Amino acid sequence: MSARVSATEEINMKNFYIPAAALLLVDPLPSSAVELEPVVVTATRTARTVDDTLAAVTVIDRAYIERQQAQSVQDLLRGQPGIGIANNGGLGKVTSVFLRGTESDQVLVLIDGVKVGSASAGTTPFQNIPVEQIERIEIVRGPRSSLYGSEAIGGVIQIFTRKGGGGLKPFVSVGGGSFETVKASVGISGGGERGSFNLSGSGLDTAGFNACNGKPFPNGAGCFTVEPDKDGFRNLSGSLRAGYRFENGPEVDVHALIASADSDFDGTVENETESLQVVYGGKLRYSPIDIWDITLTAGQSLDDSDNFLNGTFQSRFDTERDSVFFQNDISLAENHLLTLGFDYQLDLLDSTEAFTVTSRDNKGLYAQYQGSYAAHNLDLSIRHDDNEQFGGRTTGGAAWGYKVWEGIRFSASYGTAFKAPTFNELYFPGFGNPNLAPETSRTLEFGLAGKHSWGHWSLNVYETRVDDLISFDANIFAPANIDQALIRGLEAILTTQLYGFDLSTNLTLLDPENRSNGPDRGNVLPRRAEQSFRVDVDRMFGDFRVGATVQGDGRRFDDLGNTRRLGGYAVVDLRGEYIFSKAWRLQARLVNLLDKDYQTAAFFNQQGRSWFLTLRYQS
């Protein structure tokens, strides 16, 4: 489903695009202003309304986050179109996100424009990103390497931290519930007419439940141990975001997010992780002339983890990603925009393991043209990356949209993408293969979307071919580029209102086929459900709001050989809130009403029937 961005986003209608900085530094509109269309910046690296964007996009805003009473990013992403989730045992446990059936490390993740994730493992610790610090999430489905470089085979997920603007507004929330879970958040925002700031902090502590029903050696599986205990999770986080728009035109924005987490799990080598995620950066935007916008962005992300077994230190993996982006947006004419940009990224690794190489850089040049011709829209992009380890790689994308008739649009797109090998795949002692080449893909997609007085709908079908997938090769006892995959999918979305109820539903059908030579050819790729759906229903009754979510997945397999089958499931969640004043609300959430026993990764347990209460104050 798609949620709306706040109406306070400033739109520059002089040109065909909306400057990206308008999403960061805005003048608050009066309360009587008409709500604007959702605005996204991730799909094209320039701000566009969702209706003008040719990519398949889902937007989750702050109002949706609070209405859903989400406890984690996993809560927000599960059941969204094209997204599959595999979780290893509840809050704070390793959470893998599969976007359109691609691998979990083939999804590019940004926080406030800064690339995040582990340079060693190649994945992002979604489980540690604090929900209370999030303003909105943009999910772009489909290849985006022609704009962002490595990893964007399945798409891009960008998380934006909370921002401010206008008068001073404090906010507080406290809550508690099942599994001895408690949480709290506090913050303040403001900034006046030209400025914006938000300063906030949050904490969450849960005793959890037994994460894994593993099988020990010699016939081990899952976590390879039997530890029938509670596996808790603790998270402390804070964020700061501030910006200002000067009278002579320049606009500046700075941001910082820090999250410290401690997670217990079941394992034979390690069973506790202390982790630290830090993301900070800044953006400067200036228009030397009316038709030319210059944006300079710099940032750093840290992904650090110390790992223990029964309290004894075992290993450390600390990775750092430094990045600088320089972008020029040039309006060639009304409804014609040219974007030229340069990216620089440096990955660094510090570990107790003796990696032979601990740093590498990447330079990328990209260009994009966006144009509108009567009923036709056209997006063209190309990028060349020069990586210190694997050399050069060129990717491209083309999308065409046609207004069939009022409110109905057809679109078609084609794009290529790649993912660079990780430090673990290249250099891990006794395992890595420094001769690995990037994984590559090509995707063809067709879409049809409609916007009417009664609601919105869309239908997208696509085919992605992935070559040179990196897998373990027993012949050389190391990773190698030996696998291929063919992924076909369909996504259908409908949002409407029926008898006073807000209704949003989506369906994803996926055929993720292993096309590698060997006995597994033709099998379903592991941990991808072939069918998934979500239905959300909400309604206001005076000062009360009630809602329900039904989310389900079809069968999936947990191994390449498709011998370990995980059955399909459907989970029902209920929620309600009482708005007893303009600033105060009391919320209640009941998760897994029917106490369904299910798994998204073999042997790893999921949350049973549980409840949570939250008291919120927002001036």
Side-chain angles (χ1 to χ4, degrees), residues 1-6 59-80 90-92 129-137 159 161-162 169-189 198 200-208 233 235-237 239 500-504 534-551 571-595 607-619:
M1 61 170 273
S2 177
R4 290 178 110 57
V5 174
S6 167
V59 180
I60 298 172
D61 68 3
R62 185 69 211 170
Y64 173 82
I65 294 171
E66 294 185 1
R67 186 169 64 249
Q68 291 287 318
Q69 304 176 41
Q71 303 296 309
S72 65
V73 174
Q74 173 191 336
D75 275 353
L76 294 173
L77 296 181
R78 70 185 181 101
Q80 297 293 346
L91 278 174
I129 300 174
V131 168
E132 291 298 334
Q133 310 302 326
I134 297 175
E135 176 77 15
R136 78 178 189 280
I137 301 175
I159 298 171
T161 55
R162 297 179 74 160
K169 295 180 180 179
F171 53 90
V172 178
S173 72
V174 293
S178 298
F179 311 116
E180 303 173 44
T181 302
V182 293
K183 72 168 187 175
S185 67
V186 61
I188 187 169
S189 66
N198 183 94
S200 59
S202 63
L204 183 148
D205 191 306
T206 181
F233 174 64
N235 185 297
L236 288 174
S237 63
S239 67
F501 288 88
D502 295 323
L503 173 66
S504 180
R534 176 168 175 150
V535 179
D536 284 279
V537 181
D538 292 273
R539 181 168 180 174
M540 289 292 300
F541 294 94
D543 295 331
F544 293 89
R545 186 202 306 271
V546 296
T549 297
V550 181
Q551 186 268 323
V571 176
V572 180
D573 299 339
L574 302 179
R575 57 186 172 272
E577 61 181 317
Y578 172 47
I579 306 170
F580 53 90
S581 77
K582 182 179 179 181
W584 291 92
R585 71 179 70 179
L586 178 64
Q587 299 178 311
R589 184 183 185 214
L590 182 60
V591 177
N592 197 354
L593 172 67
L594 304 179
D595 201 23
Q607 188 171 349
R609 184 187 298 118
S610 53
W611 59 271
F612 202 85
L613 295 177
T614 303
L615 179 65
R616 291 189 182 275
Y617 170 81
Q618 172 74 67
S619 67

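This is a predicted model, so every value here is computed, not measured.
Salt bridge status for E577 with R67: absent, with no side-chain N to carboxylate O gap under 4.0 Å. The residues R62 and E135 are annotated as not salt-bridged, no charged nitrogen and carboxylate oxygen being separated by less than 4.0 angstrom. Ion pair D75/R589 flagged as a salt bridge, since at least one NZ, NE, NH1 or NH2 atom sits closer than 4.0 Å to an Asp/Glu carboxylate oxygen.
Of all non-hydrogen atoms in S72 and V131, the two that sit nearest each other are C-CG2, 3.1 Å. Closest of all the heavy-atom pairs between S189 and N198 is CB-OD1, 3.6 Å. Residues L574 and A548 approach most closely at CD2-CB, 3.7 Å, considering heavy atoms. Between Q133 and S202 the shortest heavy-atom distance is NE2-OG, 2.9 Å. Nearest approach of K169 to S619, heavy atoms of both residues: CA-OG, 3.2 Å. Residues D595 and G608 share a closest heavy-atom pair of OD1-CA, 3.5 Å.
From N235, atom CG reaches atom CG of L91 across 9.5 Å, with rounding to the nearest 0.5 Å. For the atom pair S178 OG and Q607 CD, the distance stands at 7.5 Å (nearest 0.5 Å). Interatomic distance, M540 CE to D502 CG, rounded to the nearest 0.5 Å: 10.0 Å. Going from atom CD1 of I60 over to atom CD1 of I137 covers 5.0 Å, rounded to the nearest 0.5 Å. D573 contributes atom CG, which lies 8.0 Å from atom CZ of R575 (distance to the nearest 0.5 angstrom). Summarising the geometry, atom OG belonging to S504 is positioned 9.0 Å from atom CG belonging to D538; distances are rounded to the nearest 0.5 Å.
Relative orientation of the Y578 and F580 rings is tilted, given thresholds of 30° and 60° on the angle between their planes.
Counting only N and O atoms by type, the side chains of T161 and S239 include no donor and acceptor under 3.5 Å apart. Judged by distance alone, the side chains of T549 and D536 do bring a donor and an acceptor atom under 3.5 Å apart. Side chain to side chain, T614 and Q69 fail the donor-acceptor criterion of an N or O pair below 3.5 Å.
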- Message: Set out, in order, the CA-CA distance, both residues' side-chain angles and the distance that settles salt bridge (Lys or Arg N to Asp or Glu O under 4.0 Å) for R616 and E132, then state yes or no.
- Response: CA-CA 12 Å; R616 291 189 182 275; E132 291 298 334; 3.2 Å; yes
- Message: Assess the residue pair K582 and Q618 against the criterion (side chain to side chain contact (heavy atoms under 4.5 Å, CB included)); give the C-alpha distance rounded to whole Å, side-chain angles, the decisive distance to 0.1 Å, and a yes or no.
- Response: CA-CA 8 Å; K582 182 179 179 181; Q618 172 74 67; over 6 Å; no
- After noting the C-alpha distance and the side-chain angles of V535 and L503, does the key distance pass the side chain to side chain contact (heavy atoms under 4.5 Å, CB included) rule? CA-CA 7 Å; V535 179; L503 173 66; 3.8 Å; yes
- Determine, step by step, whether W611 and V591 satisfy the side chain to side chain contact (heavy atoms under 4.5 Å, CB included) criterion, reporting the C-alpha distance in whole Å, the side-chain angles of both residues, the deciding distance to 0.1 Å, and the verdict. CA-CA 6 Å; W611 59 271; V591 177; over 6 Å; no
- Using the side chain to side chain contact (heavy atoms under 4.5 Å, CB included) rule, take Y64 and L76 through it: C-alpha gap first, then chi angles, then the decisive distance, then the call. CA-CA 9 Å; Y64 173 82; L76 294 173; 4.2 Å; yes
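Looking only at distances, a side-chain donor or acceptor of T206 sits under 3.5 Å from a matching main-chain atom of F179. With R609 contributing its side chain and L593 its backbone, the two residues share a donor-acceptor pair below 3.5 Å. N592 contributes no side-chain N or O that, together with a main-chain N or O of V571, makes up a donor-acceptor pair within less than 3.5 Å. Without hydrogens or angle criteria, S237 side chain to P130 main chain gives no donor-acceptor distance under 3.5 Å.
In summary, of the residues considered (L615, I188, V186), a side-chain contact (heavy atoms from CB on, under 4.5 Å) with V172 occurs for V186 alone.
With F171 as the aromatic partner, R162 meets the cation-pi criteria of under 6.0 angstrom to the ring centre and within 45 degrees of the ring axis.
A 4.5 Å side-chain heavy-atom check between F233 and D205 finds every atom pair outside the cut-off. At a threshold of 4.5 Å between non-hydrogen side-chain atoms, the residues F612 and K183 count as touching.
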